[in-house]
Engineer: 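For reference, the structure I am asking about is given below.
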Amino acid sequence: MLVLQLVTQVCVVAACAGVFLFLGVQQLRAEAESSALNIARSVATTPDVRELVADYSADPGTPGAAALQDGPLQTYAGAVTSRTDVLFVVITDDHGIRLAHPDPDRLGEVVSTSFDEALAGREVVTWESGTLGESARAKVPVYAPGAADRPVGEVSVGFERASVFRDLPALLTGIAVAVLIALVLGAVAALLMRRRLERVTLGLQPEELAALVQTQTAVFESADEGVVAVDPDGVVRVWSDAATRMLGVRVEPGSALADAPVDRAAREALSTGAPSGIAVGDRIIYIDVRPVRRGSRALGTAAILRDRTDLLALTERLDGVRTLTDALRAQRHEFANRLHAASGLLDAGRGDEARDFLREVSGRGAVDPRVAGLDAVTDPVLQSFLGAMAESARERGVELRVGEETLLRSTLREVEDSLAVLGNLVGNAVTAAASLSEGPSWVEVTLLDAVEEDGLVVTVADSGAGIADPGDVFAARTRSDTDTAVHGHGIGLPLSREIARRRGGEVWIIDAGGDGIGAVFGARLPGVMGPAGPGEIEEGEDD
């Protein structure tokens with residue numbers, strides 16, 4: 001680029017110099033022609049010249065050279081030649097006979113160039129070659145005294161070519177100096193521009209920049225992660241389509257990040273990062289911010305956005321399944337103990353006692369009835385899950401019980417989503433209840449099935465202190481060591497709401513509580529229940 005700029009400057013300066021030189025030469029020619037014409041006019045209008053030329057023109061004979069050499073016209077023409085520094089002043093009559101000439105030997109002879117234009121009354125300015133060489137000459141008619149329309153001769157004044165272009169070397173020197181200054185200034189400007197471009201482009205060549213843009217576009221369009229790049233002045237330089245999809249807004253490069261139409265939490269996360277995730281609408285977005293440097297120069301920051309909503313929802317589902325698996329393992333262990341007891345009674349020949357023992361076990365059900373109201377939960381999966389949650393709650397000093405209004409007339413079909421939402425609500429309620437050191441701690445779960453939409457309605461109440469800020473419950477945030485919030489301190493509630501909304505349901509706060517009254521949450525999950533199968537036990541049937 002530097003070479004191209006220098007070549008362009010040389011070509012432009014050379015063209016300008018050529019134009020200036022051409023105009024200078026034309027100006028010198030025009031000045032010489034104008035001077036010759038003015039001198040010729042001055043001589044031709046001199047009264048003595050007009051009178052003498054008219055006399056010679058009226059004499060039918062040819063004047064002699066000897067008489068002309070000492071004549072007044074020759075003397076006058078010589079004086080004008082010396083005074084004006086012209087090459088020649090020639091005076092002729094209407095027959096072209098030289099009456100005055102710088103070379104006395106040429107007097108009385110016919111001039112070597114045409115004099116017809118002057119005798120026709122026209123002034124002529126031209127470049128011609130005569131006996132004295134090439135010159136810029138002007139020919140002016142000489143009129144007889146008192147007759148302004150009858151030429152009787154001509155006056156021809158010429159400047160030698162060398163005298164015309166005597167100032168040309170000085171003109172060329174000035175042009176050369178101007179050209180040199182222009183080239184030096186152009187080279188300095190090109191070097192400064194080169195340094196500026198190197199600083200702005202980080203030393204990359206145009207081909208490298210084009211390849212970089214192509215690669216960047218391909219990476220951004222193919223990557224699932226969003227990218228937001230901000231320069232040290234807080235101006236957005238990159239805002240990928242994936243970032244637009246995750247944050248729900250499009251910010252044009254060149255805009256200030258502080259003016260981006262996103263909420264305050266997202267704007268701060270784009271500057272400082274959100275490794276624990278933030279809630280953006282119904283999505284959980286992880287934002288990792290790293291500084292960008294090239295050598296020792298800081299170029300700003302790059303924020304990588306990752307949508308972890310589906311992954312976290314799957315994790316919550318797996319936690320629910322894990323809880324259910326632990327409950328089933330505990331039940332398997334309990335059933336094995338009961339079978340061992342029954343087998344021992346039979347081996348000892350105590351059949352009546354074995355039958356009584358089995359009848360008692362059958363009446364008590366699959367799970368320890370220490371969970372108050374658990375027998376109202378007829379679905380085995382939900383029953384086992386709540387039993388396992390009750391054991392975990394009991395370890396924290398919290399009693400888990402089932403509400404008296406619980407009524408299930410169908411069977412759970414969508415296990416993962418249902419247990420993820422129920423587990424989050426119960427887990428948060430247990431945490432809230434366990435946070436109080438005074439009074440009994442309890443959590444009450446009520447389950448109802450909505451037959452018209454095959455749905456499940458859940459309410460979870462606790463004996464905690466209530467919700468201090470209901471508007472911030474479903475906003476995910478990083479919990480600090482000094483954080484006293486117990487509802488909505490992580491990502492469980494936002495994910496639970498996301499899972500419910502995907503099914504057309506909702507998770508909401510029924511009662512925020514406070515002043516010694518715990519909170520009550522509600523959840524509605526359409527399409528998770530279904531009719532009991534032919535091999536399943538309906539309520540009221542005997543085993």
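Counting from 1, the numbers follow the sequence of the chain as shown.
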Engineer: What distance separates T244 OG1 from W239 CH2, expressed to the nearest 0.5 Å?
Structural biologist: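 Here the rounded value is 7.0 Å.
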Engineer: With heavy-atom distances below 4.5 Å as the criterion, would you say the side chains of L425 and V421 are in contact?
Structural biologist: yes
Engineer: Check A519 against A512 and note the closest heavy-atom contact, atom names and distance.
Structural biologist: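 Shortest heavy-atom contact: CB-O, 3.8 Å.
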Engineer: What is the minimum heavy-atom distance between A44 and P141, and which atoms define it?
Structural biologist: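 Minimum heavy-atom contact is CB-O, 3.7 Å.
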Engineer: I'd like to know if the side chain of S34 reaches the main chain of A30, judged simply by a donor and an acceptor atom lying under 3.5 Å from each other, with no hydrogens or angles considered.
Structural biologist: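 Not confirmed, S34 side chain does not pair with A30 backbone.
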Engineer: Is there a side-chain contact between L87 and F159, using heavy atoms and a 4.5 Å cut-off?
Structural biologist: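 SC-SC contact between L87 and F159 ruled out.
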Engineer: Do L73 and V49 come close enough that some side-chain heavy atom pair is under 4.5 Å?
Structural biologist: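 When only atoms from C-beta onward are counted, V49 and L73 do touch, with a gap below 4.5 Å.
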Engineer: Before giving the answer on side-chain contact (heavy atoms from CB on, under 4.5 Å), spell out for N428 and L493 the whole-Å C-alpha distance, their side-chain angles and the decisive distance to 0.1 Å.
Structural biologist: CA-CA 9 Å; N428 281 339; L493 286 177; 3.1 Å; yes
Engineer: Answer yes or no: is there a donor N or O on one side and an acceptor on the other, between the side chain of D233 and the main chain of V235, under 3.5 Å?
Structural biologist: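 Checked: no pair found.
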Engineer: Can you tell me how far apart CG (D511) and CZ (F521) are? Round to the nearest 0.5 Å.
Structural biologist: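 Spacing of CG (D511) from CZ (F521) equals 10.5 Å.
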Engineer: Residues two or more places apart in sequence or in another chain: which of them pass salt bridge (Lys or Arg N to Asp or Glu O under 4.0 Å) with R150?
Structural biologist: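 Once residues adjacent in sequence are excluded, R150 has no partner under the salt bridge (Lys or Arg N to Asp or Glu O under 4.0 Å) criterion.
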Engineer: Return yes if some donor-acceptor pair links the side-chain N/O of S240 with the main-chain N/O of V227 below 3.5 Å, else return no.
Structural biologist: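 Here the side-chain-to-backbone pair exists.
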Engineer: For T8, what residues pass the side chain to side chain donor-acceptor pair (under 3.5 Å) criterion, not counting sequence neighbours?
Structural biologist: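 For T8, no residue satisfies side chain to side chain donor-acceptor pair (under 3.5 Å) once neighbours in sequence are set aside.
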Engineer: Tell me, please, which residues at least two apart from E123 pass side chain to side chain donor-acceptor pair (under 3.5 Å).
Structural biologist: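 Per chain and number, E123 pairs via side chain to side chain donor-acceptor pair (under 3.5 Å) with R41.
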Engineer: Heavy atoms only: give me the nearest V249-P261 pair and the separation to one decimal.
Structural biologist: CG1-O, 3.4 Å
Engineer: Can you name the residues that form a salt bridge (Lys or Arg N to Asp or Glu O under 4.0 Å) with E453, not counting sequence neighbours?
Structural biologist: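 E453 satisfies salt bridge (Lys or Arg N to Asp or Glu O under 4.0 Å) with R524 only.
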Engineer: Please evaluate residues L52 and Y76 with respect to the criterion side-chain contact (heavy atoms from CB on, under 4.5 Å), reporting the C-alpha separation (whole Å), side-chain torsions for both, the decisive distance (0.1 Å), and the verdict.
Structural biologist: CA-CA 12 Å; L52 291 172; Y76 179 74; over 6 Å; no
Engineer: Mind checking what makes salt bridge (Lys or Arg N to Asp or Glu O under 4.0 Å) contact with D116, not counting sequence neighbours?
Structural biologist: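 Expected list: none.
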Engineer: Looking at P526, is its backbone amide N or carbonyl O close enough to the side chain of R503 to form a donor-acceptor pair, meaning the two atoms are under 3.5 Å apart?
Structural biologist: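 Yes: the side chain of R503 pairs with the backbone of P526.
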Engineer: Name all residues meeting the side chain to side chain contact (heavy atoms under 4.5 Å, CB included) criterion together with D103; count only those two or more places apart in sequence or in a different chain, and write none if there are none.
Structural biologist: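 Partners of D103 by the side chain to side chain contact (heavy atoms under 4.5 Å, CB included) criterion, ordered by chain and then number, come out as H101, D105, R106.
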Engineer: Taking the side chain from R50 and the backbone from V142, do they hold a donor-acceptor pair closer than 3.5 Å?
Structural biologist: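 Answer holds: no.
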Engineer: Would you call D469 and V473 a side-chain contact if the rule is heavy atoms closer than 4.5 Å?
Structural biologist: no
Engineer: Output the distance between atom CZ (R502) and atom CG (L525), rounded to the nearest 0.5 Å.
Structural biologist: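 Answer for the CZ-CG pair, R502 versus L525, is 13.5 Å.
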Engineer: Are R293 and L299 packed together at the side-chain level, in the sense that at least one heavy-atom pair is separated by less than 4.5 angstrom?
Structural biologist: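 Not touching, per the 4.5 Å side-chain cut-off.
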Engineer: Please confirm whether the backbone N or O of A32 pairs with a side-chain atom of S35, one donor and one acceptor, at under 3.5 Å?
Structural biologist: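 Side chain of S35 to backbone of A32: no pair is present.
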Engineer: Side chain to side chain contact (heavy atoms under 4.5 Å, CB included) with A54: which residues, sequence neighbours excluded?
Structural biologist: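 Side chain to side chain contact (heavy atoms under 4.5 Å, CB included) check on A54 returns A144, P145, V152.
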Engineer: Can you tell me how far CG of L305 sits from CG of D288, rounded to the nearest 0.5 angstrom?
Structural biologist: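 D288 atom CG to L305 atom CG measures 9.5 Å (nearest 0.5 Å).
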Engineer: For V238 and V228, what are the C-alpha separation, side-chain angles and deciding distance, and is it a side-chain contact (heavy atoms from CB on, under 4.5 Å)?
Structural biologist: CA-CA 5 Å; V238 176; V228 174; over 6 Å; no
Engineer: Quick check for you: to the nearest 0.5 Å, what is the distance between I97 atom CD1 and L107 atom CG?
Structural biologist: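 So the gap between those two atoms works out to 11.0 Å.
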Engineer: According to side chain to side chain contact (heavy atoms under 4.5 Å, CB included), who are the partners of V179, at least two apart in sequence or on a separate chain?
Structural biologist: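 If we apply the side chain to side chain contact (heavy atoms under 4.5 Å, CB included) test to V179, skipping adjacent residues, the hits are V13, A17, I175, L183.
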Engineer: Got a sec, which pairs hit salt bridge (Lys or Arg N to Asp or Glu O under 4.0 Å) with one end in residues 138-148, sequence neighbours left out?
Structural biologist: E128-K139
Engineer: To the nearest 0.5 Å, how far apart are CD1 in I304 and CZ in R290?
Structural biologist: 8.0 Å
Engineer: Determine whether a donor-acceptor pair (N or O, by modelled atom type, separation under 3.5 Å) exists between the side chain of R250 and the backbone of A243.
Structural biologist: no
Engineer: What pair of heavy atoms forms the shortest contact from A303 to I287, and how long is it?
Structural biologist: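 Result for this residue pair: CB-CG2, 4.1 Å.
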Engineer: If you define the side chain from C-beta out and look only at heavy atoms, does anything of V236 sit under 4.5 Å from L270?
Structural biologist: no
Engineer: Any side-chain heavy-atom pair from L23 and L21 closer than 4.5 angstrom?
Structural biologist: no
Engineer: Nearest heavy-atom pair of I509 and P470: which atoms, and what distance?
Structural biologist: CD1-O, 3.9 Å
Engineer: Do L68 and Y56 have side-chain heavy atoms sitting under 4.5 Å apart?
Structural biologist: yes
Engineer: Only counting residues at least two apart or in another chain, list the ones meeting side chain to side chain contact (heavy atoms under 4.5 Å, CB included) with R195.
Structural biologist: none
Engineer: Sequence neighbours excluded, which residues qualify as side chain to side chain donor-acceptor pair (under 3.5 Å) partners of S42?
Structural biologist: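 Counting only residues at least two positions away or on another chain, S42 forms no side chain to side chain donor-acceptor pair (under 3.5 Å).
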Engineer: For residues V90 and P102, report the shortest heavy-atom separation together with the two atoms involved.
Structural biologist: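 Shortest heavy-atom separation between V90 and P102 comes out as CG2-CD, 4.1 Å.
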Engineer: With a 3.5 Å cut-off and no angle check, do the side chains of D93 and S57 form a donor-acceptor pair?
Structural biologist: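 Side-chain D/A pair, D93 to S57: absent.
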Engineer: Not counting sequence neighbours, which residues clear salt bridge (Lys or Arg N to Asp or Glu O under 4.0 Å) with R196? List them please.
Structural biologist: none
